[in-house]
Enquirer: 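Let me begin by handing over the structure; questions about it come next.
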Amino acid sequence: MITLPSVAELTQELIRFDTTNPPGNEAGCVAHLQRLLRDAGLQTVVAGASDSRPNLVARLTGRGEAPPLLLQGHVDVVTTAGQAWTRPPFAGEVVDGHVWGRGAIDMKGGVAMMVLATLRFLGDGGAPPGDVVIAVLADEEAGGLEGAGWLAANRPDLFTGIRHALGEGGGFAWYVGGRRFYPLMVAEKRGCQTRAVFRGPGGHGSRPLRGGAMARLGRALVALDSHRMPVHISTATRLMLEGLRDGLPEAPLREQVGRLLDPAQTDSALDQLGEVGWMLDPLLHNNVNATMVRGGIKINVIPSEIELDLDCRLLPGETAESFLPELRGVIGEDAELSVMRQSPPMPEPELGPFFETLRQILREADPDGTPIPYLVSGGTDARHFAQLGIRTYGFLPHNFPEGVAYERAMHDADERVPVSALEFGTDAVHQAILRYRG
Ligand SMILES: [Zn+2]
């Protein structure tokens, strides 16, 4: 029997591999986990688009009483460039009960939880009811094309028979009105990268010119800044808001959350809800952010064409066809719009028996917390596994204490995680494996 690290120790070890993406360079981190899992007796496969960016798939054989369950997590991290850190981001220090470093929350801590929750079945733990398949993934932060996307396209054989997965995007304690909630991801938004092209007369920079491409761009940007997109209440958002409302004490907060469910009142209720409204806003609208502008090649030449790239995120059920008229309704007729890249549609959320089990695990682990369904405003690797018919629930429970915005540091300076939250999550993931029946 090998000696296993604690979840905090494994998180520290993983943080010390600098897997900043780009370029990623996940190989060392993946090899470290492969050694641990292989020495513990699991079957392991390493596969990927290149030697420097492999993925790892490990399997623990179960008793055959449940389908295999996938635990999927990425080991690449976002950049630390230009950020002022209190502690070095790749040292993996433990200070004041926290593991510090890039990836502590997103999501090397989560990968450590998954690995140790699985390895707890070794020794006197007995075999789990079904096989446990751990996927350690590269490249999530840049879209997953060399990670989960690559595996789904090239090695679907490694995931045969899997219907459910646990992944990131859920389980972080969230405080509203003094109550603790655990939002568990059941659906995510869909990226729809859109380009707007503005045209107008060009000319010499020495002569007056009004109404050109620059002015049209300016009008569109001001319109985006001053208008919300239309309200849509998707199934996932409705389930989340109902859970939130029912878990809150009486008025006024409960009543304000309830008003979000009436599209005629949604936007005014969001404004009243402050920080909570800011969190919920993207779950009620297709979201648009202007992120890149290209136009002009010389300071004395007025450009006749300017490109504006828009990061658009669509709610479940929305498509480019339904969204582009909405966007035009806000920015007007000046731009020529085209969709550059759209991520695949996701299935409707399913709150079946496994989701109820996940909720029950959290109710037992934290009787004062309320688990609720959650729509993620960004995207995770869940969408790649969805192409194989695998439904991912975001379930990495962290019982953060109130008052510290741990999630805010996720792609920013001073990312850190309480050791106690890592232990809480490892227990919860272990329970999920133990109780999974399909
Ligand atoms: Zn992540």
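Numbering starts at 1 and runs along the sequence shown.
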Enquirer: OG1/Thr392 to CG/Leu166 distance, rounded to the nearest 0.5 angstrom?
Expert: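 Between Thr392 OG1 and Leu166 CG, I get 8.0 Å after rounding to 0.5 Å.
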Enquirer: Do Thr118 and Ile433 come within less than 4.5 Å of each other through their side chains, counting heavy atoms only?
Expert: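 Yes, their side chains come closer than 4.5 Å.
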Enquirer: Using a strict threshold of under 4.0 Å (side-chain N to carboxylate O), is an ion pair present between Arg180 and Glu402?
Expert: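 Between Arg180 and Glu402 there is no salt bridge, as every charged N stays at least 4.0 Å from the carboxylate O atoms.
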Enquirer: Could you verify whether a donor N or O on one side chain and an acceptor N or O on the other, from Glu326 and Asn286, lie under 3.5 Å apart?
Expert: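 Yes.
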Enquirer: Checking side chain to side chain contact (heavy atoms under 4.5 Å, CB included) for the pair Leu315/Phe323: CA distance, chi angles, key distance, verdict?
Expert: CA-CA 10 Å; Leu315 290 160; Phe323 164 68; over 6 Å; no
Enquirer: Do Arg102 side-chain atoms and Asp412 backbone N/O form a donor-acceptor pair below 3.5 Å?
Expert: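 Between the backbone of Asp412 and the side chain of Arg102 there is a qualifying donor-acceptor contact (under 3.5 Å).
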Enquirer: Any chance you could lay out the salt bridge (charged side-chain N to carboxylate O under 4.0 Å, His left out) test for Glu350 and Arg391, step after step, and finish with the verdict?
Expert: CA-CA 9 Å; Glu350 177 191 270; Arg391 188 179 288 280; 3.7 Å; yes
Enquirer: By the definition side chain to side chain contact (heavy atoms under 4.5 Å, CB included), identify the one residue from Ile233, Leu239, Thr237 that meets it with Thr235.
Expert: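 Running side chain to side chain contact (heavy atoms under 4.5 Å, CB included) over Ile233, Leu239, Thr237 with Thr235 returns exactly one hit, Leu239.
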Enquirer: Going by atom types alone, do Glu407 and His398 pair a side-chain donor with an acceptor below 3.5 Å?
Expert: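 Result is no, nothing qualifies.
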Enquirer: Is Asp271 salt-bridged to Arg228, going by a charged N under 4.0 Å from an acidic O?
Expert: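 Yes, Asp271 and Arg228 are salt-bridged.
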Enquirer: Examine Phe172 together with Phe400 and report whether their ring centres are nearer than 6.0 Å.
Expert: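 Aromatic pair counts; centres sit under 6.0 Å.
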Enquirer: Flag the pair Met410 / Val78 as yes when at least one side-chain heavy-atom distance between them is below 4.5 Å, and no otherwise.
Expert: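 Contact flag for Met410/Val78 side chains = no.
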Enquirer: Say whether Gln360 and Arg435, considering side chains only, have a donor N or O and an acceptor N or O under 3.5 Å apart.
Expert: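 There is no such pair between these side chains.
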Enquirer: For residues Gly167 and Leu396, report the shortest heavy-atom separation together with the two atoms involved.
Expert: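 Minimum heavy-atom separation between Gly167 and Leu396: O-CG, 3.8 Å.
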Enquirer: Hey, does the side chain of Ser343 reach the backbone of Gly191 with a donor-acceptor pair shorter than 3.5 angstrom?
Expert: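 A pair under 3.5 Å: yes.
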Enquirer: State the SG-CE distance between Cys312 and Met229, to the nearest 0.5 angstrom.
Expert: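 Those atoms lie 7.0 Å apart.
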Enquirer: Testing the basics here: between Pro201 and Leu209, what is the closest heavy-atom pair and its distance to 0.1 Å?
Expert: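 Smallest interatomic distance, heavy atoms only, reads O-CD1, 3.5 Å.
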Enquirer: Tell me if the centroids of the rings in Phe181 and Tyr175 come within less than 6.0 Å of each other.
Expert: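 For Phe181 and Tyr175, the ring centres are not under 6.0 Å apart.
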Enquirer: Relative to each other, are the rings of Phe424 and Tyr182 parallel, tilted or perpendicular (30° and 60° limits)?
Expert: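 Judged by the thresholds at 30° and 60°, the geometry between Phe424 and Tyr182 is parallel.
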Enquirer: Is the backbone N or O of Phe198 less than 3.5 Å from a side-chain atom of Glu336, with the two atoms forming a donor-acceptor pair by type?
Expert: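 Not a single qualifying donor-acceptor pair exists.
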Enquirer: Decide yes or no on side chain to side chain contact (heavy atoms under 4.5 Å, CB included) for Leu314 and Thr319, but give the supporting numbers first.
Expert: CA-CA 7 Å; Leu314 309 189; Thr319 62; 5.6 Å; no
Enquirer: Looking only at heavy atoms, which two atoms of Ala165 and Gln72 are closest? And how far apart?
Expert: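 Nearest heavy atoms, Ala165 then Gln72: CB-CG, 4.3 Å.
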Enquirer: Please confirm whether the backbone N or O of Asp139 pairs with a side-chain atom of Glu26, one donor and one acceptor, at under 3.5 Å?
Expert: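 Flag set: sc Glu26 to bb Asp139 pair under 3.5 Å.
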Enquirer: Answer yes or no: does atom CG of Asp157 have more than 12 heavy-atom neighbours from other residues, nucleotides or ligands under 6.0 Å?
Expert: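 Yes - once you tally the heavy atoms of other residues, nucleotides and ligands closer than 6.0 Å, there are more than 12.
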Enquirer: Pair Met107, Met114 - check side chain to side chain contact (heavy atoms under 4.5 Å, CB included), show working.
Expert: CA-CA 11 Å; Met107 64 171 288; Met114 291 172 167; 4.2 Å; yes
Enquirer: Surrounding CG of Asn300 (heavy atoms of other residues, nucleotides or ligands, distance under 6.0 Å), is the total greater than 12?
Expert: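 Atom CG in Asn300 is packed in, count exceeds 12.
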Enquirer: Is the side chain of Thr194 donor-acceptor paired with the backbone N or O of Cys192 at a distance under 3.5 Å, no angle test?
Expert: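 Confirmed, Thr194 side chain pairs with Cys192 backbone.
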Enquirer: With the side chain counted from C-beta on, respond yes when Leu308 and Leu217 share a heavy-atom pair under 4.5 Å apart, and no when they do not.
Expert: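 In contact.
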Enquirer: Looking at CG of Asp246 and CD1 of Ile372, how far apart are the two atoms once the value is rounded to the nearest 0.5 Å?
Expert: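 The CD1 atom of Ile372 is 10.0 Å from CG of Asp246, to the nearest 0.5 Å.
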Enquirer: Is any NZ, NE, NH1 or NH2 atom of the basic residue among Glu242 and Arg245 found under 4.0 Å from an Asp or Glu carboxylate oxygen of the other?
Expert: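 No salt bridge links Glu242 with Arg245.
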Enquirer: I'd like to know if Asp311 pairs up with Arg313 as an ion pair, taking the criterion as any Lys NZ or Arg NE/NH1/NH2 lying under 4.0 Å from an Asp or Glu carboxylate oxygen.
Expert: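 Here Asp311 pairs with Arg313 in a salt bridge, since their nearest N and O are under 4.0 Å apart.
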Enquirer: Establish, for the pair Arg16 and Trp100, whether the NZ or CZ atom is under 6.0 angstrom from the six-membered ring centre and no further than 45 degrees off its axis.
Expert: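 Not satisfied by the 6.0 Å and 45° rule.
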Enquirer: Check each of Tyr374, Phe395, Tyr393 against Phe355 using the ring pair (Phe, Tyr, Trp, His ring centres under 6.0 Å) test, and report the only one that passes.
Expert: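 Exactly one pass, corresponding to Tyr393.
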Enquirer: So Leu358 and Pro371, do their side chains get closer than 4.5 Å, heavy atoms only?
Expert: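 Pro371 vs Leu358: side chains apart.
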Enquirer: Report yes if the distance between the aromatic ring centroids of His98 and Tyr406 is under 6.0 Å, otherwise no.
Expert: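 Aromatic pair counts; centres sit under 6.0 Å.
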Enquirer: I'd like to know if Arg219 and Asp334 make a salt bridge, using a cut-off of under 4.0 Å between side-chain N and carboxylate O.
Expert: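 Result for this pair is yes, salt bridge flagged.
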Enquirer: Is a salt bridge present between Glu275 and Arg408, judged by a nitrogen-to-oxygen distance below 4.0 Å?
Expert: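 Yes, this pair counts.
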Enquirer: Is it true that a side-chain atom of Thr426 and a backbone atom of Ala117 form a donor plus acceptor pair closer than 3.5 Å?
Expert: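 No, Thr426 side chain to Ala117 backbone: no donor-acceptor pair under 3.5 Å.
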Enquirer: Would Asp368 and Arg179 pass as an ion pair if we require N to O under 4.0 Å?
Expert: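 The answer is no: the pair does not qualify as a salt bridge.
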Enquirer: List the atom of Val330, the atom of Ala223, and the distance in Å for their closest heavy-atom pair.
Expert: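 Answer, listing the atom of Val330 first, then Ala223: O-CB, 3.4 Å.
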Enquirer: If only atom types and distance count, is the side chain of Arg216 paired as donor or acceptor with the main-chain N or O of Arg199 below 3.5 Å?
Expert: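 Judged by distance alone, yes, a pair lies under 3.5 Å.
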Enquirer: Can you see which heavy atom on Pro88 is nearest to which on Glu93, and at what distance?
Expert: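 So the minimum-distance heavy-atom pair works out to CD-OE1, 3.8 Å.
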Enquirer: Please find out if less than 6.0 Å separates the ring center of His164 from that of Tyr436.
Expert: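 Under 6.0 Å, so yes.
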Enquirer: Does the side chain of Arg259 pick up a donor-acceptor pair with the side chain of Gln265 at under 3.5 Å?
Expert: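 There is such a pair between these side chains.
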Enquirer: Testing the 3.5 Å rule here: is there a donor-acceptor pair between the side chains of His411 and Asp106?
Expert: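 Note: His411 and Asp106 side chains meet the donor-acceptor criterion.
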Enquirer: Do you see a donor-acceptor pair shorter than 3.5 Å between the side chains of Asp18 and Thr20?
Expert: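 Distance-only check passes for Asp18 and Thr20.
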Enquirer: Locate the shortest heavy-atom distance separating Ser420 from Asn399; write the atom from each residue and the value.
Expert: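 Closest heavy-atom pair between Ser420 and Asn399: O-OD1, 3.9 Å.
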Enquirer: When you compare the side chain of Leu33 with that of Leu14, does any pair of heavy atoms fall below 4.5 Å?
Expert: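 In short, these two side chains touch, coming nearer than 4.5 Å.
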Enquirer: Do Asn25 and Thr19 have side-chain atoms, one donor and one acceptor, less than 3.5 Å apart?
Expert: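 On atom types as modelled, these side chains do not qualify, holding no pair under 3.5 Å.
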Enquirer: Looking at Asp366 and Leu362, would you say the former's side chain and the latter's main chain have a donor-acceptor pair under 3.5 Å?
Expert: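 The answer is no, because no donor-acceptor pair under 3.5 Å joins these two groups.
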Enquirer: In terms of side-chain heavy atoms, does Asn21 have a donor or acceptor partner in His74 at a distance below 3.5 Å?
Expert: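 His74 and Asn21 do not have a side-chain donor-acceptor pair below 3.5 Å.
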Enquirer: Within this structure, what is the CG-CD distance for the pair Asp76 and Glu146, rounded to the nearest 0.5 Å?
Expert: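 It is 10.0 Å, given to the nearest 0.5 Å.
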Enquirer: Can you list the steps and then say if Glu188 with Arg383 is a side chain to side chain contact (heavy atoms under 4.5 Å, CB included)?
Expert: CA-CA 8 Å; Glu188 60 179 47; Arg383 68 186 182 284; 3.6 Å; yes
Enquirer: Hey, could you give me the CG/CG distance between Leu280 and Leu241, rounded to the nearest 0.5 Å?
Expert: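 Going from CG on Leu280 over to CG on Leu241, the span is 6.0 Å.
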Enquirer: Counting only N and O atoms by type, is there a donor-acceptor contact under 3.5 Å from the side chain of Lys108 to the main-chain atoms of Thr11?
Expert: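 Between the backbone of Thr11 and the side chain of Lys108 there is no qualifying donor-acceptor contact (under 3.5 Å).
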Enquirer: Examine distances only and state if a side-chain atom of Asp309 and a backbone atom of Arg195 form a donor-acceptor pair shorter than 3.5 Å.
Expert: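 Checked: no pair found.
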Enquirer: Could you tell me the separation between the CG atom of Asn55 and the CD atom of Gln34, rounded to the nearest 0.5 Å?
Expert: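 These two atoms lie 12.0 Å from each other.
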